[in-house]
Participant: 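Here's a structure for you.
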2 protein chains.
Amino acid sequence: MKKPTIKDVAKLAGVSFKTVSRVVNQEPNVSEAVKEKVLESIKQLNYQPNHTARVMRKAPFSLAFVYDNPNSHYVIEMQNGIISECRKKGFELVIHPTDSRSDEVGNELASMIGSNQIGGIILTPPLSENKELVTFLLSKDAKVVRILSGEQPPDSLAPVLHVDDVDAGFKMTQYLLELGHRDIAFLGFHASHESSLGRVKGFKNAHEARNVPFDKNLIIDGEFTFESGMDMAKQVLSMPKRPTAIFACNDEIAAGAVFCARLNDITVPEELSVVGFENSPFAMQTWPHLTTIDQPNFDIAATAAAMVIEMMKSNDIYTVDSRGFSLDVVVRDSACKPLLKSAI
Amino acid sequence: MKKPTIKDVAKLAGVSFKTVSRVVNQEPNVSEAVKEKVLESIKQLNYQPNHTARVMRKAPFSLAFVYDNPNSHYVIEMQNGIISECRKKGFELVIHPTDSRSDEVGNELASMIGSNQIGGIILTPPLSENKELVTFLLSKDAKVVRILSGEQPPDSLAPVLHVDDVDAGFKMTQYLLELGHRDIAFLGFHASHESSLGRVKGFKNAHEARNVPFDKNLIIDGEFTFESGMDMAKQVLSMPKRPTAIFACNDEIAAGAVFCARLNDITVPEELSVVGFENSPFAMQTWPHLTTIDQPNFDIAATAAAMVIEMMKSNDIYTVDSRGFSLDVVVRDSACKPLLKSAI
DNA sequence: TTTTTTATTGACAACGTTGACATTGGTTGA
DNA sequence: TCAACCAATGTCAACGTTGTCAATAAAAAA
């Protein structure tokens, strides 16, 4: 009981296999009668076009999602967004986690492209920041879409889905300033991490917009992890003039900061407001629930997938436009008005 | 500048394209001199075998990872394990999240198999518990490997990677009993959830093995979520005879329970020990860090992938053996000896 | 009616690879 | 010396599609 081919269908329907192909591909110029007969035979034999043969004659129907990110929540949300779009369009997704520091990324991807498996690629930070990589992939005839944080990149190599970190950092800082905080620490600055650069920039901008001076010493370097969050909070909380609020560069750092505050008998939010960034599950599993920034990862990813697919389908120079996404503050319970100084 | 084919290489090396094919596939009976010449040409042209054409002539080189699981950490660990194995063997992974309650799963997968994209399938709970589905997939000539929790299934349809929940539940309960707890609540029983059945069974067995009676009312039904964990803990903590320990069916429930205890001014672990299951990131981001059960997801997944690949390669009836994985208690800070009753 | 156009269908090659089999030339064993 | 063998290489069909172009029949225009 072998898999039926297009020829089996043709034989059963009493037409040439080319006609069947036409019906399957919904090409014009097939008479209603024949079309019906063919469809009937297809159903009867439970025929399914051989995807592989089809790819060989036409173009790849797969795209790759490339990431180097320890944050499983982020990855899954992105992945799900991409998959949902792929399903709709009949494309397949290949997952490609990688180490952005290794030189192999390019070669690995090139080999997938070269072997005709992959037609399009979705790049997330920090890989999407690597222009050399993008140029290289472009030279291999792949369609590339980048998801980028931080500031809008100046180049137009490939479409960008831009997550406006500067604006989000601004909004969040503004929120804290409006609550009355004047000494806000920023945890998780990372010079090589584009999105942290953007968030810091928004942080600074918000201060300037309100004419609130900010202390550079309150911008702390660190990783995007819980442990690092603890360390940084420790640094900040032992300062002579202890800040009244912490702007953590992501929720894990925030969770670490809350944890550290608790270890030092500092109550959150009464004595210390802590806000996060990302709206990951951690935000809801810390006490108090974290006020944070929500990032519509699913939608971003789905849009990215739609773009790549569009680019793969219309193979001409026609370029899809870049898009920006703005993020919003999700108010929960980890930030409130600061206590009066005298009360501390 | 088109992609070079095997014929281009052949022309350059001055041999027939079949010989090139032999070199590429490392077949025997090629003289050293010729082999060297061909390899040289391959390098020079940067030739890459066309994966698609290869699949068409031989068998699929892709396998699918099918899951229906809201837990991103679990999914990513599994996924990474599978991918790492796929990389080694030159296989490609297709991710297939799905809704286990829908009837479409079978059809979706059948369509991937039928179209020659997928040769093997890795099924996780609860899909792996669905014998009908497994039988159906088997009938479509797919290689299937199941990852199952709970008790060893009696059938031998397809190889199983069995996670020994009963044993793990036993170990954890034993740990609590040894600490001196006698009133232990079990949060997160779910009749349709195989692994919860296994964990409860281990829970009961441990009590019986030590001749400790247990109260059936302390086994609470609920979902595997933070919110549900809070609800269940609330139920249990308001009982007249409040338990001294909580065995949560996963870390999220445990985190919810800890949270709930805190809301009720019950200190963990002094007044209430709470243990989790899974060793997810949440376990380290709750205060105190959760004592929990570690599940080697990466290894399990990698083994599963190795099995499917083995089955795909050796296409005969030769069956890969099922395997069991035992889990261990990770002792952290959320459980300790119970206070004397008089002290409560 | 005859010619031209158009819609429908089919024959055949091509995609890039591997499998089955044929050919060549050299080595072995009687 | 010659048959038998074997290693090395080549020829050609096949995999299941789609693209190109030709052939037919029907409809429209002359």
Side-chain angles (χ1 to χ4, degrees), chain A residues 2-39 41-42 45-62 90 111-117 119 141 313 315, chain B residues 2-39 41-42 45-61 90 111-119 141 313 315:
Chain A
K2 260 182 42 189
K3 285 173 194 164
T5 77
I6 206 171
K7 292 188 183 171
D8 300 318
V9 177
K11 202 172 292 174
L12 182 63
V15 296
S16 82
F17 64 92
K18 176 69 220 193
T19 303
V20 177
S21 170
R22 274 192 262 262
V23 173
V24 170
N25 292 357
Q26 309 197 36
E27 287 174 27
N29 300 335
V30 181
S31 71
E32 275 308 315
V34 172
K35 185 185 281 184
E36 209 168 301
K37 208 165 45 177
V38 170
L39 287 174
S41 307
I42 287 178
L45 292 177
N46 193 22
Y47 163 75
Q48 290 206 318
N50 183 320
H51 187 259
T52 313
R54 192 175 237 176
V55 169
M56 196 170 75
R57 283 301 276 152
K58 308 185 90 166
F61 280 90
S62 295
S111 115
M112 297 174 86
I113 301 163
S115 66
N116 229 38
Q117 293 176 84
D141 281 332
K313 278 186 171 171
N315 197 26
Chain B
K2 261 181 39 188
K3 286 172 192 163
T5 77
I6 205 170
K7 293 188 182 172
D8 299 319
V9 177
K11 201 173 291 174
L12 182 63
V15 295
S16 84
F17 64 92
K18 177 68 219 193
T19 302
V20 177
S21 169
R22 274 193 261 262
V23 172
V24 170
N25 293 346
Q26 310 196 34
E27 286 174 27
N29 299 337
V30 181
S31 71
E32 274 309 315
V34 172
K35 185 185 281 185
E36 209 167 301
K37 206 165 48 178
V38 170
L39 286 174
S41 306
I42 286 178
L45 292 178
N46 193 21
Y47 162 75
Q48 289 206 319
N50 182 318
H51 187 260
T52 313
R54 193 175 237 176
V55 169
M56 197 169 74
R57 283 300 280 154
K58 307 186 90 167
F61 279 90
S111 114
M112 296 174 87
I113 301 163
S115 65
N116 229 39
Q117 291 175 85
I118 296 295
D141 281 331
K313 279 186 172 172
N315 198 27

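Computed from heavy atoms alone, side chains included, the values below leave out hydrogens, waters and symmetry copies. Every chain is numbered from 1, with letters handed out A, B, ... down the list of sequences. Quantities reported herein were computed from a predicted structural model and do not represent experimental measurements.
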Participant: Can you check the Glu27(B) CD to dG19(C) P distance for me, whole Å?
Facilitator: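 About 7 Å, once rounded to whole Å.
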
Participant: Mind checking Asn25(B) for me? I need base, sugar-phosphate or nothing, with any heavy atom below 4.0 Å counting as a touch.
Facilitator: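 Sugar-phosphate: the residue Asn25(B), judged by heavy atoms under 4.0 Å, touches backbone atoms but no base.
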
Participant: Given the structure, check if the side chain of Lys7(A) and the base of dG16(D) hold any donor-acceptor pair shorter than 3.5 Å.
Facilitator: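 Absent.
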
Participant: Nearest whole Å is fine: how far is dC15(D) P from Lys3(A) NZ?
Facilitator: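 In whole Å, dC15(D) P and Lys3(A) NZ are 14 Å from each other.
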
Participant: For Arg54(A) and Asn116(B), run side chain to side chain donor-acceptor pair (under 3.5 Å): C-alpha distance rounded to whole Å, both residues' side-chain angles, the deciding distance at 0.1 Å, then the answer.
Facilitator: CA-CA 11 Å; Arg54(A) 192 175 237 176; Asn116(B) 229 39; over 6 Å; no

Participant: Output one line per pair: protein atom, nucleotide atom from nucleotides 5-9 of chain D, and distance, for all N/O pairs under 3.5 Å.
Facilitator:
unit_1: dA8(D); atom_1: OP2; unit_2: Asn29(B); atom_2: OD1; d: 3.4
unit_1: dT9(D); atom_1: OP1; unit_2: Ser31(B); atom_2: OG; d: 3.2
unit_1: dT9(D); atom_1: OP2; unit_2: Ser31(B); atom_2: N; d: 2.8
unit_1: dT9(D); atom_1: OP2; unit_2: Ser31(B); atom_2: OG; d: 3.1

Participant: Please list, in numerical order, the residues of residues 45-62 of chain A that have a heavy atom closer than 4.0 Å to any atom of DNA chain C.
Facilitator: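 Nucleic-acid contacts, sorted: Met56(A), Arg57(A).
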
Participant: Roughly, in whole Å, what's the span from CD1 in Ile6(B) to P in dG19(C)?
Facilitator: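 Checked: the CD1 to P distance equals 11 Å.
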
Participant: Can you measure Lys18(B) atom NZ to dT18(C) atom C1' for me and round it to whole angstrom units?
Facilitator: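 Computing the Lys18(B):NZ to dT18(C):C1' distance gives 5 Å.
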
Participant: Under the 3.5 angstrom rule, does the side chain of Ser41(A) hit a backbone N or O of Lys37(A) as a donor-acceptor pair?
Facilitator: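 Present.
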
Participant: Report the distance from atom CZ of Phe17(A) to atom P of dG19(D), rounded to the nearest whole Å.
Facilitator: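 In whole Å, dG19(D) P lies 13 Å from Phe17(A) CZ.
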
Participant: Can you measure Gln26(A) atom CD to dT8(C) atom C1' for me and round it to whole angstrom units?
Facilitator: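 In whole Å, dT8(C) C1' and Gln26(A) CD are 18 Å from each other.
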
Participant: Would you mind reading off the distance between Asn116(A) atom CG and dG16(C) atom C1', rounded to a whole angstrom?
Facilitator: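 Taking atom C1' of dG16(C) as the reference, CG of Asn116(A) is at 9 Å.
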
